[in-house]
J.: 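My questions all concern the structure below.
Computed from heavy atoms alone, side chains included, the values below leave out hydrogens, waters and symmetry copies. As the structure is a prediction and not an experimental result, all values here were calculated from the model.
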Amino acid sequence: NAGVTQTPKFRVLKTGQSMTLLCAQDMNHEYMYWYRQDPGMGLRLIHYSVGEGTTAKGEVPDGYNVSRLKKQNFLLGLESAAPSQTSVYFCASSNGQLYGYTFGSGTRLTVV
Amino acid sequence: EDKVVQSPLSLVVHEGDTVTLNCSYEVTNFRSLLWYKQEKKAPTFLFMLTSSGIEKKSGRLSSILDKKELFSILNITATQTGDSAIYLCAVEKKDYGGSQGNLIFGKGTKLSVKP
């Protein structure tokens, strides 16, 4: 009963490097989200998906790309990392019904 | 633009105190209001509120929603050091309008409970 799994849990990147964060859910949820959390800023939506093959921009999409090729996976990519992308990233999923969201345990990313 | 505002942003109390956390919102197409507790990792679900005036309760925590005045409160009685966390309020919309998606978060209230 894994729920939402994020990999990796920690990563340090150099400016300009690229990486992909993986989010996997086993609850057959249609909706998936990527958030970033910075001190004093709450959770801000980066991108989201309302179903397999669909993605949409959130509040802070610049510098990130996403893909939802399979229903259970939602990938977040950083093509050229910048220090401003140092943050904690959370993935979440929901079934769209009147029900709480399920969050992954987060990825702490540092860009130096 | 839709917004959710929490107050206070931080709070320090002593064990045994009662605290009230506030959440006000201006959101179109309201569906529900959710409270989460976040310790060191992922937010964990506390309450979902959809109807005005009906208190939800779980142990020492309780919450209520006022859809006329557009706010919710989260009460914690007889606080313990284990209640130290960030408490997040979020409003769920019925639609996925625009760049905010359908779940709008406040900035959170950081609660510290001292022994």
J.: Would you say NZ of B/K57 has more than 12 non-hydrogen atoms from neighbouring residues, nucleotides or ligands within 6.0 angstrom?
T.: yes
J.: Do B/I73 and B/V27 land in one hydrophobic cluster if side-chain heavy atoms of ILVMFWY residues count as linked below 4.5 Å?
T.: no
J.: Other residues, nucleotides and ligands only: do more than 12 of their heavy atoms fall within 6.0 Å of CD on A/E52?
T.: yes
J.: Is any side-chain heavy atom of A/Y101 less than 4.5 Å from a side-chain heavy atom of B/L103?
T.: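 Touching, per the 4.5 Å side-chain cut-off.
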J.: Hey, any chance B/Y25 and B/L46 share a hydrophobic cluster, counting ILVMFWY side chains that come within less than 4.5 Å of each other, even indirectly?
T.: yes
J.: A/R108: which residues meet the salt bridge (Lys or Arg N to Asp or Glu O under 4.0 Å) condition with it, sequence neighbours left out?
T.: none
J.: Just checking heavy atoms, which of residues 105-115 of chain B are less than 4.5 Å from chain A?
T.: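 Only B/F105, B/G106, B/K107 of residues 105-115 of chain B have a heavy atom under 4.5 Å from chain A.
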J.: Do B/L65 and B/L61 share a hydrophobic cluster, counting only Ile, Leu, Val, Met, Phe, Trp and Tyr and linking them when any side-chain heavy atoms are less than 4.5 Å apart?
T.: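 Same cluster.
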J.: Please tabulate, one pair per line, all N/O donor-acceptor pairs under 3.5 Å involving side-chain atoms of residues 17-24 of chain A, not counting sequence neighbours.
T.:
residue: A/Q17; atom: OE1; partner: A/K14; partner atom: N; Å: 2.8

J.: Can you give me the closest heavy-atom contact between A/F90 and B/A42, atom names plus distance?
T.: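 So the minimum-distance heavy-atom pair works out to CE2-CA, 3.5 Å.
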J.: Is B/I64 linked to B/Y36 within one hydrophobic cluster, defined over Ile, Leu, Val, Met, Phe, Trp and Tyr using a side-chain heavy-atom separation of less than 4.5 Å?
T.: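 No, no single cluster joins them.
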J.: Same cluster or not: B/F45 versus A/Y31, using hydrophobic residues (I, L, V, M, F, W, Y) connected whenever any side-chain heavy atoms lie under 4.5 Å apart?
T.: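 Yes, B/F45 connects to A/Y31 through the hydrophobic network.
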J.: Going from CD on A/Q6 to NZ on B/K41, what distance comes out if it is rounded to the nearest 0.5 angstrom?
T.: 10.5 Å
J.: For B/Q38, which atoms come within 4.5 Å of any heavy atom of chain A: side chain, backbone, both, or neither?
T.: side chain
J.: For B/L9, which atoms come within 4.5 Å of any heavy atom of chain A: side chain, backbone, both, or neither?
T.: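 Neither; nothing under 4.5 Å.
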J.: Which residues in residues 76-86 of chain A have any heavy atom lying under 4.5 Å from a heavy atom of chain B?
T.: none
J.: Taking side chain as everything from C-beta outward and backbone as N, CA, C, O, which of these in A/Q37 sits under 4.5 Å from a heavy atom of chain B? Side chain, backbone, both or neither.
T.: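 It is the side chain, since no backbone atom gets that close.
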J.: Could you grab the distance from atom CD1 of B/I104 to atom CD of A/E59, nearest 0.5 Å is fine?
T.: 8.0 Å
